[in-house]
There are 2 protein chains.
Amino acid sequence: MTSEPDSALHADADRPSRREQILRAAAQLFAERGSRAVGVDDVGAAVGVTGPAIYRHFASKDAMLAEMLVRISERLLAGGAAQVAAAGDDAAAQLRALIAFQVDFALGNPALITVQDRDLGALSDADARRVRQLQRRYVEEWVAVLARLDPPATTATCRARAHAVFGLINSTPHSAGRLDRPAMADLLTRMAEAAARA
Amino acid sequence: MTSEPDSALHADADRPSRREQILRAAAQLFAERGSRAVGVDDVGAAVGVTGPAIYRHFASKDAMLAEMLVRISERLLAGGAAQVAAAGDDAAAQLRALIAFQVDFALGNPALITVQDRDLGALSDADARRVRQLQRRYVEEWVAVLARLDPPATTATCRARAHAVFGLINSTPHSAGRLDRPAMADLLTRMAEAAARA
DNA sequence: CGACCATGTGAACAGCCGTTAACCTCGGGC
DNA sequence: GCCCGAGGTTAACGGCTGTTCACATGGTCG
């Protein structure tokens, strides 16, 4: 499930493997219409192939979605941890780093953000558990930083704060387009920092 | 489509009409699993009837969803406009009123909030247009207030700000439970006000 | 050269689910 | 007392769609 010779070798190459093409196209379609409303034929057509060809690369449509969501969660968790580690011991700097990271991710991968919190429910119990665990660990990264910034606050409060900030930043996909990316990044960053301390 | 003798007469009575029961149960189920993953039989079972009985009250499953979303949008728009009107001429007070209103709505109707932005895509083009128009008018309510509070800001910026604040407040459903409602309301209100001006 | 594996195709299957049809029942007005 | 409409029920249809199957093809390696 975790080891894929393909993706390790040329995942983001100029000519990504069919597998990667499919995952990307599927993410886009899932974000637009919802995973349940997208047929296997649609995904195939998006990469110039018929529907059943998908099964040469994935065990099932659900497996596709599962891999997609697990990857996102892993990228977020790894990235978040890295940001905190790289920001030194200053909690304020850590928060800024986390926010910048999340803003960048959300603006750079609107489709993934959308799918992640819309289609989590479509996963099998086992897969959903796995994704939720990764998400929780990512949230804990934030909670730890927020707790250091506001010691008297309870953990529950910090968690709620973190979720609210996610909501703020991840709202991007719903309002995309009107502002160019740098301006949007700037605005979201300022808003998130203000909200995180309120 | 808009006139319903039933709902006008005893919509929120102690014993709501079957229609209302169905709409409520459906909202709950749709929020939990997504409208596409919920069967007509599930909705029926939730109110103690069989699936096809639904068709005595709604033309189709889609019509159910449509009515649900239109109603939410209308409630938000009407409520928002009322809040602004009642807050007098002070833009800051208007913003506070809008935030309090949205926070209250989100905490009081988490299922509706979830369904509204997850299942909009499942509507027919005509219905989707109608809902989006109502939503846009509600957003404009916010944009007008935000513009008065920060005159140099462009309309696009204000719109982005409004969407971000919605994201912040509406994140509630995803993090519900850990904090009791008054505490959550307080936290979200403070965060939203801080974010709206950043 | 020949065998093989990866990849793709079109056809067919199977199950789910929205919707309809035909039939029941009960409470209330002429 | 009878009729009728509102609201339910069960059974059945029909389409959509995930998945599988049998078969083609083309590059690669022995």
Side-chain angles (χ1 to χ4, degrees), chain A residues 3-11 13 15-27 29-30 32-69 115 119 121-124 127, chain B residues 3-11 13 15-27 29-30 32-69 115 119 121-124 127:
Chain A
S3 67
E4 293 135 32
D6 284 357
S7 83
L9 285 173
H10 46 280
R15 192 117 56 99
S17 72
R18 228 333 101 84
R19 241 184 100 87
E20 297 304 320
Q21 287 183 43
I22 292 173
L23 270 174
R24 263 178 237 197
L29 290 172
F30 288 1
E32 284 164 12
R33 302 183 227 162
S35 72
R36 220 129 182 154
V38 174
V40 159
D41 289 348
D42 298 328
V43 176
V47 298
V49 164
T50 58
I54 301 282
Y55 292 87
R56 297 295 171 191
H57 304 276
F58 296 93
S60 70
K61 194 186 155 190
D62 288 338
M64 240 176 67
L65 180 63
E67 180 167 337
M68 201 158 108
L69 294 195
V115 174
D119 289 292
L123 259 49
S124 74
D127 289 326
Chain B
S3 67
E4 292 135 31
D6 285 357
S7 82
L9 285 173
H10 46 277
R15 192 116 55 102
S17 72
R18 221 347 99 79
R19 245 184 95 87
E20 297 304 320
Q21 287 183 43
I22 292 173
L23 270 175
R24 263 178 238 196
L29 290 172
F30 287 2
E32 285 165 10
R33 301 182 228 163
S35 72
R36 228 138 174 145
V38 174
V40 165
D41 290 346
D42 298 326
V43 176
V47 298
V49 276
T50 58
I54 301 284
Y55 292 87
R56 297 293 169 191
H57 306 276
F58 296 92
S60 69
K61 193 186 156 191
D62 287 338
M64 241 177 66
L65 180 63
E67 180 167 338
M68 201 155 104
L69 294 194
V115 174
D119 289 289
L123 260 48
S124 75
D127 289 326

To the nearest 10 degrees, the angle between the two end axes of the helix from C/dC1-D/dG30 to C/dC30-D/dG1 (five pairs per end) comes to 10°
CZ of A/R24 to CG of A/L29, rounded to nearest 0.5 Å, is 14.0 Å
OG (A/S17) and CD (A/Q21) are apart, to the nearest 0.5 Å, by 7.5 Å
Non-hydrogen side-chain atoms of B/M68 and B/D119 separated by less than 4.5 Å = no
Check: Just by distance, do the side chain of B/K61 and the backbone of B/V38 share a donor-acceptor pair under 3.5 Å?
Finding: yes
Between CZ of B/R19 and P of D/dA6 the distance, given in whole Å, is 14 Å
Just the atom pairs and distances: protein N or O near nucleotides 3-5 of chain D's N or O, under 3.5 Å.
none

From CZ of B/R33 across to P of C/dC17 the rounded distance in Å is 10 Å
Does A/V38 reach a base, just sugar-phosphate, or nothing at all? Heavy atoms under 4.0 Å.
sugar-phosphate
Separation between CD (A/E67) and NE2 (A/H57), nearest 0.5 Å, reads 12.5 Å
In terms of heavy-atom contacts, A/V40 and A/G51 come closest through CG1-O, 3.2 Å
B/D41 CG to C/dT20 C1', in whole Å, measures 14 Å
- Main-chain N/O of B/A66 paired to B/D127 side chain as donor or acceptor, under 3.5 Å: no
In this structure, CD1 of A/I54 is separated from CZ of A/R19 (nearest 0.5 Å) by 11.0 Å
- [ ] Using a cut-off of strictly less than 4.0 Å, decide whether B/R18 has a side-chain nitrogen or oxygen near OP1 or OP2 of D/dG8.
- [x] yes
What residues 47-62 of chain A contributes to the DNA chain D interface at heavy-atom separation below 4.0 Å is A/P52, A/Y55, A/R56, A/S60, A/K61
Rounded to whole Å, CG of A/D42 lies from C1' of D/dC16 at a distance of 12 Å
B/R36 CZ to D/dT17 C1', in whole Å, measures 12 Å
Exercise. Hey, are the side chains of B/P52 and B/D41 touching, using non-hydrogen atoms and a 4.5 Å cut-off?
Worked result: yes
Quiz item: Tell me, do B/V115 and B/L65 make a side-chain contact under 4.5 Å, heavy atoms counted?
Solution: yes
In short, A/D42 meets A/A37 closest at the heavy-atom pair OD2-O, 4.3 Å
